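From a predicted model like this one, the values you see are computed outputs, not experimental measurements. Computation of the quantities below employed the complete heavy-atom set of this structure, encompassing side-chain atoms and omitting hydrogens, waters and symmetry-equivalent molecules.
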Amino acid sequence: MIGMSRRSFLGAAGMAGAIGALAPRMAWGQDKIVFEAGANKYEWVPGWLKLPEGVSLASTHGCVAVDSQDRIFFNTDNENAIIIADNDGKYVKSLGKDFRGGAHGMTIVKEGDKEVLFLSSLSRSEILKCTLDGEVLLSIPYPEKCGVYTKKGEYKPTSVAVAPNGDIYVGDGYGKNYCHRWNAKGEYLQSWNEGKGGAMKTPHGIAIDTRGAEPMVVVADRGNGQLQTFTLDGKPIGVVKEGLRMPCKVYIRGELAIIPDLKGRITLLDKDWKLVAHLGENEDKGKQGNFNVKEFKDGQFTAPHGAAIDSKGNLYVEDWNVLGRVNKLKKV
């Protein structure tokens, strides 16, 4: 990874007050890149990830998740299917050689006094529930009962989310463009593929939003450039388009929804789905959403594919990239 540090600030749209008018904000810092996002500021951390000799990223085509210890989990397409680092970027370990070539979506949830990792596997066409050490506890195969698939390989799950009641939701973003639901035991419940925004096209990311009176399912309908929202039993609620190009995933932390957008930026939305800011937009349109970029600029993303926030509000972003790229934005 090549980082080119420069004395500059990449302005992001800020929000004056909760719903104030958007306007670019700029600041200068000696050899620092700082983004303003409403009431928050984020500083780009050059060279954050430190891998030991013999451990490589290769293609980063997956997701980011954070556990209760603020350890950062992210995916690669090589034998290091899940790499774990601490929040200072120090390598902890790698998991999941059996998931190589398809570890694509992850979420970490609390079950009793333990945490578990849910993983969507493209290569295995299934959802896996694991310990944080990679031991498989439950495997959920393709949803044959829904009648959409003629064979296992048609099912290509790209994202997984878990509701407060334990129900498991999956977006089949690279397969038949359906969302599916199972209960906590892995028993199939239902499927759907259409909402207020029409039929889904690459439902690439899925999340559970608990910020309102009732939890709801949020789907990153990437091919249609929008988010679609549903009740927990799949009934359409609404559609969100503001500030979105090709939303890959949805990560909700506190009042913010963090949207890694494949077209070269991170988008932050508030609890009312109003735009707070765009972070790290790539000034070169030829690099936006380009998997084969091999030279990077600090402060600019190329193709954000996964993102998450730790307990301190620091933001971690994985670019979809042939060489591999994971960056940290420190909350300041």
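When hydrophobic clusters are built by joining Ile, Leu, Val, Met, Phe, Trp and Tyr residues whose side-chain heavy atoms come closer than 4.5 Å, directly or via intermediates, L119 is not grouped with L138. With hydrophobic clusters built from ILVMFWY side chains whose heavy atoms lie under 4.5 angstrom apart, Y91 shares a cluster with V66. A single hydrophobic cluster is seen to contain both M246 and F291, as judged by linkage of ILVMFWY side chains at heavy-atom distances under 4.5 Å, directly or through other members. F99 and I168 are assigned to two separate hydrophobic clusters, defined by single-linkage of ILVMFWY side chains at heavy-atom distances under 4.5 Å. Hydrophobic clustering (ILVMFWY, side-chain heavy atoms < 4.5 Å, transitive): V170 and V162 are in one cluster.
Ion pairing between D98 and R100 fails under the 4.0 Å rule for side-chain N and carboxylate O. Using a 4.0 Å cut-off between charged nitrogen and carboxylate oxygen, R211 and D209 count as a salt-bridge pair. The pair D86-K90 fails the salt-bridge criterion, with no side-chain N (NZ, NE, NH1 or NH2) lying under 4.0 Å from an Asp/Glu carboxylate O. At a threshold of 4.0 Å, the pair D133-K93 counts as salt-bridged, since one of the basic side-chain nitrogens sits closer than that to a carboxylate oxygen. Taking 4.0 Å as the cut-off between side-chain N and carboxylate O, K151 and E144 do not count as a salt-bridged pair. Under the 4.0 Å criterion applied to side-chain N and carboxylate O atoms, K201 and D221 are not assigned as salt-bridge partners. Ion pairing between a basic and an acidic side chain is recognised when a charged N comes within 4.0 Å of a carboxylate O; D261 and R245 show no such pairing. Salt-bridge formation is not detected for the pair E43/K328: no Lys NZ or Arg NE/NH1/NH2 atom is positioned less than 4.0 Å from an Asp or Glu carboxylate oxygen. E281 has no carboxylate O lying under 4.0 Å from a charged side-chain N of K263, or vice versa, which leaves the two without a salt bridge. Under the 4.0 Å criterion applied to side-chain N and carboxylate O atoms, E187 and K185 are not assigned as salt-bridge partners.
In this structure, a donor-acceptor pair under 3.5 Å is present between the side chains of D172 and Y149. No side-chain N or O of R222 forms a donor-acceptor pair with one of N224 less than 3.5 Å apart. Side-chain atoms of H180 and S191 form a donor-acceptor pair, as typed in the model, at a separation below 3.5 Å. Checking E126 against S139 by side-chain atom types alone, a donor-acceptor pair falls below 3.5 Å. Between the side chains of Q288 and T302, no donor-acceptor pair is found at a separation under 3.5 Å.
F301 does not carry R265 over the face of its six-membered ring by the limits of under 6.0 Å from the centre and within 45° of the normal.
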Between D270 and K274, does the salt bridge (Lys or Arg N to Asp or Glu O under 4.0 Å) criterion hold? Intermediate values first, please. CA-CA 5 Å; D270 68 13; K274 299 300 183 183; over 6 Å; no
Please walk me through it: do V64 and I72 pass side-chain contact (heavy atoms from CB on, under 4.5 Å)? CA-CA 7 Å; V64 184; I72 318 306; 3.8 Å; yes
May I have the step-by-step check of side-chain hydrogen bond (donor to acceptor under 3.5 Å, both in side chains) for E214 and T231, ending in yes or no? CA-CA 8 Å; E214 297 290 336; T231 64; over 6 Å; no
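Between the CD1 atom of I140 and the CZ atom of F118 there is a distance of 6.5 Å, given to the nearest 0.5 Å. The distance from the OG atom of S94 to the CD1 atom of I84 is 8.0 Å, given to the nearest 0.5 Å. For the atom pair CG (L232) and CD1 (I208), the distance works out to 6.0 Å, reported to the nearest 0.5 Å. The distance from atom CD of E194 to atom CZ of F230, rounded to the nearest 0.5 Å, is 9.0 Å. Between atom OG of residue S125 and atom OH of residue Y174 there is a gap of 13.5 Å, rounded to the nearest 0.5 Å.
Side chains of I309 and K331 form no contact here, defined as non-hydrogen atoms less than 4.5 Å apart. You'll find the side chain of T267 stays beyond 4.5 Å of the side chain of P247, heavy atoms only. Side-chain contact between L57 and R325 is absent, with no heavy-atom pair separated by less than 4.5 Å. Looking only at side-chain heavy atoms (C-beta outward), N75 and M106 come within less than 4.5 Å of each other. For the pair V240/L269, a side-chain contact is recorded, criterion being any heavy-atom separation below 4.5 Å from C-beta on.
Although no hydrogens or angles enter the test, the distance criterion places no donor-acceptor pair under 3.5 Å between the side chain of H204 and the main chain of G173. Between the side chain of Q228 and the backbone N or O of G198 there is at least one donor-acceptor pair closer than 3.5 Å. Checked by atom type and distance alone, the side chain of S159 pairs as donor or acceptor with a backbone atom of I206 at under 3.5 Å. Not a single donor-acceptor pair under 3.5 Å links the side chain of N80 to the backbone N or O of I82. Between the side chain of Q190 and the backbone N or O of D233, at least one donor-acceptor pair lies under 3.5 Å. Looking at N282, its side chain does come within 3.5 Å of a backbone N or O of D284 through a donor-acceptor pair. In this structure, the side chain of E318 does not engage the main chain of F74 through any donor-acceptor pair within 3.5 Å. No donor-acceptor distance shorter than 3.5 angstrom exists from the side chain of K241 to the backbone of G197, with no hydrogens or angles considered. A distance-only check finds a donor-acceptor pair linking the side chain of D310 to the backbone of N314 [under 3.5 Å]. The closest donor-acceptor contact from the side chain of H104 to the backbone of T158 lies under 3.5 Å.
The number of heavy atoms from other shown groups lying within 6.0 Å of NZ (K271) does not exceed 12. Annotation for K50: atom NZ counts as buried by contact number, over 12 foreign heavy atoms lying within 6.0 Å.
For Y316 and W48, the ring centers are positioned less than 6.0 Å apart.
The side-chain contact (heavy atoms from CB on, under 4.5 Å) test with L132 is passed by exactly one of I108, L95, V116: I108.
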